[in-house]
Protein chains: 2
Amino acid sequence: MASSTAIRAPRTPKGERTRDAILAHALALATRIGVEGVTIGRLAEDLKLSKSGLFAHFRSKEALQIEMLRMAGGRMIESVVKPALAAPRGEPRLRALFERWLAWEQSPSLPGGCPFMAASFELDDRPGPVRDFVVQNLRDWIDTIAGAARIAVQEGHFRADLDCEQFAQDCQGIGLGFVHASRLMRDPQARARADRAFDALVSAARASTDRAASRAAPDRRPASPAAVVNRRDASPAPAAARGRRR
Amino acid sequence: MASSTAIRAPRTPKGERTRDAILAHALALATRIGVEGVTIGRLAEDLKLSKSGLFAHFRSKEALQIEMLRMAGGRMIESVVKPALAAPRGEPRLRALFERWLAWEQSPSLPGGCPFMAASFELDDRPGPVRDFVVQNLRDWIDTIAGAARIAVQEGHFRADLDCEQFAQDCQGIGLGFVHASRLMRDPQARARADRAFDALVSAARASTDRAASRAAPDRRPASPAAVVNRRDASPAPAAARGRRR
DNA sequence: GACAGATCCGAACGGTCGTACTATTTTTCA
DNA sequence: TGAAAAATAGTACGACCGTTCGGATCTGTC
């Protein structure tokens, strides 16, 4: 990544800068070799720190993993969700979410793709705080999509009886299928197909003259559209990790 | 079988039985903790073998991983593809493929789900023979789906200008979305939503009165429908299955 | 029942893992 | 500027990693 160029104006305390550099590098590493694959020794070597010096920034490796994913979550909100919220309510916002999501997946700062997608399959059977954190973040993300779909219904873009949770799972599937075809199979058409699949999904959600929904009863939960804001840390305790709030 | 020579049922050699037991256990383990997470020591302890004794069955850990995935591929063909081939050509066979695929994903012998799906995200950025093997198997699988869709076109079940590769990627996405919702998010409705998504996909492939295909040019490749039969091992050598000399 | 190979074990190797403890340096701020 | 605080280095630990090797034990065949 680009050198820090931190000449003068070290507003941020030294430790925090190092810490962020560690997390950024750990994150980039994790996208390639997996969350569990990130190693203290490897990190220290890459960043020219001693193992113990690096380790001192986190009480444990598990904490490092969670902080790393917290940074990923923050970045994702910043570069996917927030910009999409600037788009008009309804279908345009939904499209913005989808498009920025795939763009984020291929962001140069994430050489191995979205860490949450990878972690979904890496940690799905390994209980613990890290898994919990991933689940929380992905729940927020899916709620964001479902909420945006719900708004599209309110705006009259989508038909009234649309199952928004179903829409969200379908959407997630398109994204996962895209990553699969793109990263693993190296299919150059993966992106075009993902776009077409999304178009078809939106198209089906629009058409109200369709026989479509076999289930007559739509979900009834209030389901706040602002799920993004409701985002919470995995750790129940106030935490305040090392005193250094931001 | 040829009974003329009447060889007295050559009970499978001892070593091979052990070997299969090792692979079966390694496979079950890998579905939970990942392909790279399987460890010689852990395997030996579980199976009450010595590390070296176990290791002697494979020239390297990499070979163990590949053999393990080969077993998984064989099982998948046996319990998903072959039975589905018994279903009538066209849409029924496609449905059988999908249904058996999800059933296989939740088979009790795979406590952590389909190893190939997990490996898709675990190994997508780690080049090497293991990744190559996974890619090969998944390519065969996707070709199987695309081939079945092509047959459905021939049978008149699906519209003539259907993009079968697109269909396959969409299908893969539904499966991945299912695993994501089911295993990670523990959503009890995951399966029902996957079924609905598949129904919608098939439905869209059927309707020929739809404006549907924006792309006028359908793919033109011959694309043998019998992709299943074309399946090849990753290793270029003939590799007689049970020969297993070293 | 003996012999040959297949099968398995025990010990050991050099590494890396996460983590703990104690110095030593560097930053921060009165 | 100097002392308190924070950041980093050094060293060590036990555990486990994949792998090697020589020898013990078992299996199947004549």
Side-chain angles (χ1 to χ4, degrees), chain A residues 4 6-26 29-30 33-68 122 126 128-130 240-246, chain B residues 5-23 25-26 29-30 33-68 126 128-130 242-246:
Chain A
S4 57
I7 317 292
R8 277 299 140 195
R11 264 283 160 263
T12 55
K14 175 75 190 318
E16 187 163 338
R17 264 177 291 145
T18 314
R19 196 182 135 99
D20 283 357
I22 295 172
L23 290 178
H25 189 76
L29 216 55
I33 58 182
V35 174
E36 305 267 6
V38 175
T39 257
I40 312 267
R42 169 78 185 274
L43 273 181
E45 191 181 0
D46 288 359
L47 295 169
K48 275 146 193 145
L49 284 177
S50 67
K51 260 175 68 175
S52 54
L54 189 148
F55 183 81
H57 283 269
F58 315 90
R59 288 171 308 228
S60 69
K61 187 190 178 180
E62 197 174 68
L64 163 61
Q65 291 173 328
I66 290 186
E67 292 304 311
M68 173 184 92
E122 185 183 351
R126 268 173 281 189
V130 184
R242 308 190 46 222
R244 42 170 293 290
R245 80 282 110 182
R246 43 193 51 174
Chain B
T5 52
I7 299 178
R8 194 168 306 264
R11 301 190 322 172
T12 53
K14 177 75 186 324
E16 185 163 340
R17 263 178 292 145
T18 312
R19 195 182 135 101
D20 283 356
I22 294 172
L23 290 177
H25 190 76
L29 216 56
I33 59 181
V35 175
E36 304 267 6
V38 175
T39 256
I40 312 266
R42 169 79 186 273
L43 273 181
E45 191 181 0
D46 287 1
L47 294 170
K48 275 149 192 140
L49 285 178
S50 68
K51 264 173 66 175
S52 53
L54 189 148
F55 183 84
H57 284 269
F58 314 90
R59 289 169 308 239
S60 69
K61 187 190 178 181
E62 197 174 67
L64 163 60
Q65 292 173 327
I66 291 186
E67 292 305 310
M68 172 184 92
R126 269 174 279 189
V130 184
R242 301 188 47 219
R244 163 177 140 45
R245 74 272 116 150
R246 40 189 51 178

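Naming convention: chains lettered A, B, ... in sequence-line order (proteins, then strands); numbering from 1 in each chain.
When distances are taken from the side chain of A:Lys61 to each of C:dG18, D:dT19, D:dT8, the shortest belongs to C:dG18. Comparing atom distances between the A:Ser52 side chain and each of D:dG18, D:dA9, C:dG18 picks out D:dA9 as nearest. Nearest nucleotide to the A:Lys51 side chain, out of C:dT19, D:dC17, D:dT8: C:dT19. Side-chain atoms of A:Arg17 lie closest to C:dT28 of the nucleotides D:dT20, C:dT28, D:dT19.
By the salt bridge (charged side-chain N to carboxylate O under 4.0 Å, His left out) test, B:Asp46 is found to be paired with B:Arg42, residues two or more places apart in sequence or in another chain being considered. A:Glu36 pairs by the side-chain hydrogen bond (donor to acceptor under 3.5 Å, both in side chains) definition with nothing, not counting sequence neighbours. Residues that satisfy the side-chain contact (heavy atoms from CB on, under 4.5 Å) test with B:Ser50, not counting sequence neighbours, are B:Ser52. Residues satisfying the side-chain contact (heavy atoms from CB on, under 4.5 Å) criterion with A:Glu45, sequence neighbours excluded, are absent altogether.
Atom CD of B:Gln65 and atom P of D:dC17 are 13 Å apart (whole Å). When the P atom of D:dT19 is taken as reference, atom CG of B:Leu54 falls 12 Å away, rounded to whole Å. If you measure from atom NE2 of B:His57 to atom C1' of C:dC9, you get 12 Å, rounded to the nearest angstrom. Rounding to whole angstrom units, CZ of residue A:Phe58 and C1' of D:dT8 are separated by 13 Å. B:Ile22 places its CD1 atom 11 Å from the C1' atom of C:dT7, with the value rounded to the nearest Å. Distance A:Glu16 CD to D:dA7 C1': 13 Å, rounded to the nearest Å. What separates NZ of A:Lys48 from P of D:dT8 is a distance of 15 Å, to the nearest Å. Between the CG atom of B:Leu64 and the P atom of D:dC17 there is a distance of 13 Å, given to the nearest Å.
Sorted by residue number, the members of residues 40-47 of chain B with any non-hydrogen atom under 4.0 Å from DNA chain D read B:Ile40, B:Gly41.
Interface remark: the A:Ser50 side chain does not form any donor-acceptor pair with the D:dG10 base, using a distance-only criterion of under 3.5 Å.
In this structure, A:Leu49 reaches the sugar-phosphate backbone alone: every heavy-atom distance under 4.0 Å involves primed, P, OP1 or OP2 atoms, never a base. B:Thr39 comes within contact range of the sugar-phosphate backbone alone, with a heavy-atom separation under 4.0 Å but no base atom that close.
For the pair B:Leu23/B:His57, no side-chain contact is recorded, criterion being any heavy-atom separation below 4.5 Å from C-beta on.
Taking each heavy atom of B:Ala30 and B:Met68 in turn, the nearest pair found is CB-CE, 3.5 Å. Residues A:Phe55 and A:Lys61 come closest through the heavy atom pair CE1-N, 4.3 Å.
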